[in-house]
Amino acid sequence: MNCKILIYVVLAFTFMVTSCGKGRSSTGSLTDGLEDNSDEYLNSGVNAIEQAKPEIMVLPSDEVLQKFGAARQTPDGVARDYQKYLLADKNNKVIVSSIQEQFVANNYPLNDLEQTLKQIATQSATDEADNLAKDAKTLLMETATPDIVVEVDYHTNFDRKTYNSTLNYVISFIDPYTNKVFATKSAENVDGESLTNAFKTSLSANMDGINSDLRKYYSEILTKGREISLRITVENGSNVNLQDESIEGDTYADWIEDYLAIHAVKGSFKLKINTRNELSFTARIPTLNADGTQYSGFQWGRELAKAMRKQLGVKIRNQTQGLGNILLVITGL
């Protein structure tokens with residue numbers, strides 16, 4: 001009997017160990033039933049439709065910032081402090097969030113204002129090219145790289161007779177590459193239990209029209225390309241100017257125009273300034289790479305600078321600031 005009991009104990013123990021081992025294997029674990037398709041994904045093309053969706057960023061207007069002491073005029077332009085705006089009144093974060101929620105509900109990718117500000121603070125973003133301080137809006141645009149900025153200007157009216165408050169607002173839709181306003185929506189005397197509720201109610205009613213405007217504008221960008229500005233300048237004291245003959249045989253200015261004729265979408269560019277020390281253009285560049293991923297103004301400017309170094313032998317520095325303002329500085333040969 002003792003031998004039989006011992007045998008049963010050994011067999012039971014062996015079964016338990018085997019069962020525990022199976023529990024730690026891929027079968028019966030959290031990964032049970034999952035498939036690893038990473039190789040297929042990495043070797044496949046990118047979904048251009050997904051990559052091309054316009055990303056939204058909601059910002060208060062300069063007028064709203066000024067109301068909360070978060071914007072002031074300086075000799076260099078408007079100095080903005082978005083963090084101060086968010087902290088100035090507990091309702092400000094809620095208002096921005098309520099507007100963002102309407103776009104998220106309509107499946108727009110979102111660049112959150114507060115999270116982007118935290119990201120900037122964490123990485124201590126600076127101008128790598130020339131160490132010049134950038135204004136808050138430029139930093140936001142370069143960090144978040146939104147496709148469309150939704151800028152909100154609003155104020156409330158208080159009726160002393162009825163003790164009711166109503167909301168007036170204007171929302172401007174801005175191309176952050178050019179700072180051009182391409183659409184606006186406005187409403188007056190919007191009722192609501194709160195400012196947040198008034199925004200939600202009114203925006204929800206207007207989203208069909210907003211969706212139509214955004215689709216129309218962004219479809220045009222995808223088709224015709226993104227508009228950017230390009231400045232090429234010569235540094236003081238440089239031993240070259242843009243009207244000199246290059247090693248290619250043409251003047252530097254002519255070579256640059258020929259490059260734009262090939263690399264701008266359908267050769268769409270306009271010459272703005274043409275002097276010995278500066279060339280300035282507006283041009284349309286592709287929005288997407290061949291594989292469907294986003295193509296930036298910085299990438300386009302970097303490729304131009306690379307071509308000038310390789311083919312013309314010039315020394316050139318990239319001092320681009322902002323999404324669509326490309327600045328290349330020739331320092332010499």
Side-chain angles (χ1 to χ4, degrees), residues 45-46 48-49 51-55 129 141-142 145-148 173-183 213-234 240-330:
V46 177
I49 301 300
Q51 291 285 338
K53 289 179 180 177
E55 291 190 349
M141 296 303 100
E142 290 186 350
T145 62
D147 294 303
I148 294 171
F173 298 90
I174 302 171
D175 183 337
Y177 284 73
T178 62
N179 286 322
K180 291 181 179 178
V181 176
F182 63 86
D213 288 341
L214 297 190
R215 279 197 300 268
K216 180 180 178 181
Y217 185 75
Y218 202 66
S219 294
E220 181 178 325
I221 289 175
L222 291 174
T223 302
K224 298 182 179 179
R226 173 83 74 179
E227 184 177 327
I228 54 95
S229 65
L230 168 67
R231 286 181 63 217
I232 301 175
T233 65
V234 178
V240 63
N241 73 69
L242 293 165
Q243 301 306 323
D244 286 342
E245 185 175 304
S246 72
I247 58 175
E248 290 285 305
D250 293 326
T251 66
Y252 293 103
D254 288 342
W255 185 94
I256 292 166
E257 285 204 51
D258 290 344
Y259 182 94
L260 289 175
I262 296 172
H263 293 88
V265 175
K266 285 189 173 293
S268 55
F269 71 92
K270 292 181 181 179
L271 177 65
K272 299 292 185 180
I273 298 174
N274 181 14
T275 69
R276 290 166 56 87
N277 296 316
E278 179 176 352
L279 284 174
S280 176
F281 304 88
T282 58
R284 286 191 175 269
I285 66 171
T287 309
L288 303 176
N289 289 301
D291 63 358
T293 55
Q294 292 282 0
Y295 182 72
S296 69
F298 182 83
Q299 286 177 281
W300 189 86
R302 182 178 60 189
E303 290 169 5
L304 169 56
K306 183 178 179 180
M308 291 179 69
R309 290 189 194 100
K310 184 176 181 180
Q311 298 182 35
L312 303 181
V314 297
K315 297 176 181 178
I316 190 165
R317 186 170 65 241
N318 189 341
Q319 293 186 204
T320 296
Q321 291 196 24
L323 295 182
N325 298 312
I326 300 168
L327 173 59
L328 304 179
V329 180
I330 298 173

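Quick caveat, the model's predicted, so the values are computed rather than measured.
- With rounding to the nearest 0.5 Å, the separation of CE in Met308 from OG in Ser246 is 9.5 Å.
- Listed here is the closest heavy atom pair of Tyr252 and Asn241: CD1-O, 3.3 Å.
- Atom CG of residue Leu312 and atom CG of residue Asp244 lie 11.5 Å apart, to the nearest 0.5 angstrom.
- For the pair Gln311/Trp255, a side-chain contact is recorded, criterion being any heavy-atom separation below 4.5 Å from C-beta on.
- The two residues Ile221 and Arg226 have their closest heavy-atom pair at CD1-NH1, 3.5 Å.
- Contact check for Phe173 versus Asp213: no side-chain heavy atoms found under the 4.5 Å cut-off.
- One finds the CG atom of Leu327 at 8.5 Å from the CD atom of Glu278 (value rounded to the nearest 0.5 Å).
- Across every non-hydrogen atom of Gly313 and Ile247, the tightest pair is N-CD1, 4.3 Å.
- For the pair Pro146 and Pro176, the tightest heavy-atom approach, listed with the atom from each and the gap, is O-CG, 3.2 Å.
- Looking at every heavy atom in both residues, Leu242 comes nearest to Asn277 through CD1-C, 3.7 Å.
- Distance NZ/Lys315 to CD1/Ile330: 13.0 Å, rounded to 0.5 Å.
- In summary, of the residues considered (Leu222, Thr223, Val265), a side chain to side chain contact (heavy atoms under 4.5 Å, CB included) with Thr287 occurs for Leu222 alone.
- With Phe281 as the partner, the side chain to side chain contact (heavy atoms under 4.5 Å, CB included) test is satisfied by one option alone out of Ile326, Ile228, Leu271: Leu271.
- Each of Arg284, Glu257, Glu227 was evaluated against Phe269; a single residue qualifies, Glu257, per the side chain to side chain contact (heavy atoms under 4.5 Å, CB included) test.
- Taking OG1 from Thr233 and CD1 from Ile316, the interatomic distance works out to 8.5 Å, rounded to the nearest 0.5 Å.
- In this structure, Phe182 and Tyr217 have parallel ring planes: the angle between them is below the 30° cut-off, well short of the 60° mark.
- The CD1 atom of Ile148 sits 4.5 Å away from atom CG of Leu214, with the distance rounded to the nearest 0.5 Å.
- A side-chain hydrogen bond (donor to acceptor under 3.5 Å, both in side chains) check over residues 260-275, counting only residues at least two apart or in different chains, returns the pairs Gln243-Asn274.
- The 12-atom threshold is not exceeded at CZ of Arg276, counting heavy atoms of other residues, nucleotides or ligands nearer than 6.0 Å.
- The minimum heavy-atom distance between Leu279 and Ile256, with the atom names listed, is CD1-CD1, 3.7 Å.
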